[in-house]
Amino acid sequence: MEEHHQPVDLGKAVLHPLPDERLLVKNIEAAVLRLDRIHPVISGNKWFKLKYHLQQARGSKGIVTFGGAWSNHLVATAFACRQAGLASMGIVRGEMMTKTLEDARDYGMELRFVSRSDYRDYPTPHDYYRVPMGGESPYGVAGASEILQLVDLTAYTHIACAVGTGTMMAGLMKGSLPVIGISSLKIPSGSANIFTGYHFGGYARYSDALISFMNELYQLHQLPTDFVYTAKLLYGVLDLAAKDYFAPVAGY
Ligand SMILES: *Cc1c(COP(=O)(O)O)cnc(C)c1O
C-alpha cells in the first residue's frame, strides 16, 4: 500500500467547468468543485465532516465509527486517525469484505462485523470517541459548512450535492444559496429539496447506463466520477436541467 503523508491541500479544490451541451442549450453554466483532489485518501467531503470530530477525539484512545462495505467514511476515518495518532475501530454492517474495507484495515482500523440489529446500538468501547455513520452530527455539519468558503457563492444560483446521510447537505444549507440534493439511497425523503429518482437501484448500485454516462463525462469533460455518489449527482442535475427545473436568471 502506498503511503500518503502529505497534508490535505484545499488549494487543489478547483472549480472544474462543465460546458455540457445539455446545460448550454438551457443557458446554464455549471462547475464542479473538485474536492476529490484535496488528498489521495481523505478526499471529498469526508475530511470536512471529520474535522471537528477529530478535535473532539483528542485525549481519547481512538475513534469508533460506523459504515457499510463501500464506506469511504471508514477509510477516511482510519487514515485521519492514524495521522492524528489515534486508534480507529470500524463497526461494519454485514459480513462482506471489500477493497474499501481492506483499505480501512490497512490504515490501521480494527473492523468489527455486526448484524443489522446490533449495528446502530453498538456500545462505544471504553476511552473511544464515537462518530456516527457518515460523521452525522452538529460537528459533521459544522465541518461540511466550511466547504462553502472555497467558492465565490455570488457567482452561482444553486448548489447541488449528493446525499448519503445528508450531513454535507445540511452544512451547505448554512450558506446563502438554495441547495438541492440527489439521493444515492433508495429511500424516500421528507425534504422537498432532495430528489430520490436517481439512485439507480440503491446505494452503490449501478446500471450499464450509469457506467456509460460516467465514461461520457470523462471523455467530454475529463471529469472523473464515482458510481456511489457523483455520477448519480450529475445525472440528476442534467435531467433536472432538461426538465427546466433551473429557472432562467433574468438578464441573461
Ligand atoms: C460521502 C459522500 C457523500 C455523502 O455525504 P453525506 O454527508 O453522508 O450525505 C456525498 N458525496 C460524495 C462525493 C461523498 O464522497
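Atoms within each ligand, like the ligands themselves, are counted from 1 in listed order.
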With only distance considered, is Lys49 within less than 3.5 Å of ligand 1 through an N or O on each side? yes
If you measure every N or O of Gly134 against every N or O of ligand 1, does any of those distances drop under 3.5 Å? no
Side chains of Ser191 and Ser189 only: does a donor on one sit below 3.5 Å from an acceptor on the other? no
Numbering as shown, the atoms of ligand 1 that approach Ala162 to under 4.0 Å (heavy-atom distance): 10 (C), 11 (N)
Purely on distance, is any nitrogen or oxygen of Met169 under 3.5 Å from one on ligand 1? no
Verdict with supporting geometry, Gln83 and Ile42, side chain to side chain contact (heavy atoms under 4.5 Å, CB included): CA-CA 11 Å; Gln83 269 193 335; Ile42 325 177; 4.0 Å; yes
Counting non-hydrogen protein atoms only, what is the nearest one to atom 8 (O) of ligand 1? Give residue, atom name and distance. Thr165 OG1, 2.6 Å
In plain terms, say whether Glu216 and Arg22 are close enough for a salt bridge, that is, a side-chain N and a carboxylate O under 4.0 Å apart. yes
Here the pair of heavy atoms bringing Ser88 nearest to Ala78 is OG-CA, 3.7 Å
Select the closest option to atom 3 (C) of ligand 1 among Thr225, Asn45, Ile182, Val228, judged by heavy-atom distance. Asn45
Ligand 1 versus His73, non-hydrogen atoms closer than 4.0 Å: side chain, backbone, both, neither? neither
Would you find more than 12 non-hydrogen atoms of other residues, nucleotides or ligands less than 6.0 Å from Tyr235 atom OH? no
Is the closest N or O pair between Gly164 and ligand 1 shorter than 3.5 Å? yes
Counting heavy atoms under 4.0 Å, the part of Thr230 that contacts ligand 1 is side chain
Record the part of Asp226 in heavy-atom contact with ligand 1 below 4.0 Å; permitted values are side chain, backbone, both and neither. neither
Ring centroid separation Phe200 to Phe227 under 6.0 Å: no
For Ala30 and Leu23, the nearest pair of non-hydrogen atoms, with its separation, is CB-CD1, 3.8 Å
For atom 1 (C) of ligand 1, which protein heavy atom lies nearest, and how many Å away is it? Lys46 NZ, 1.5 Å
Using a 4.0 Å cut-off to any heavy atom of Val163, which atoms of ligand 1 qualify? 9 (O)
Between His73 and Val131, is any pair of side-chain heavy atoms under 4.5 Å apart? yes
Side chain His16, main chain His221, donor-acceptor under 3.5 Å: yes
Could you say whether the N/O atoms of Tyr229 and ligand 1 ever approach to under 3.5 Å? no
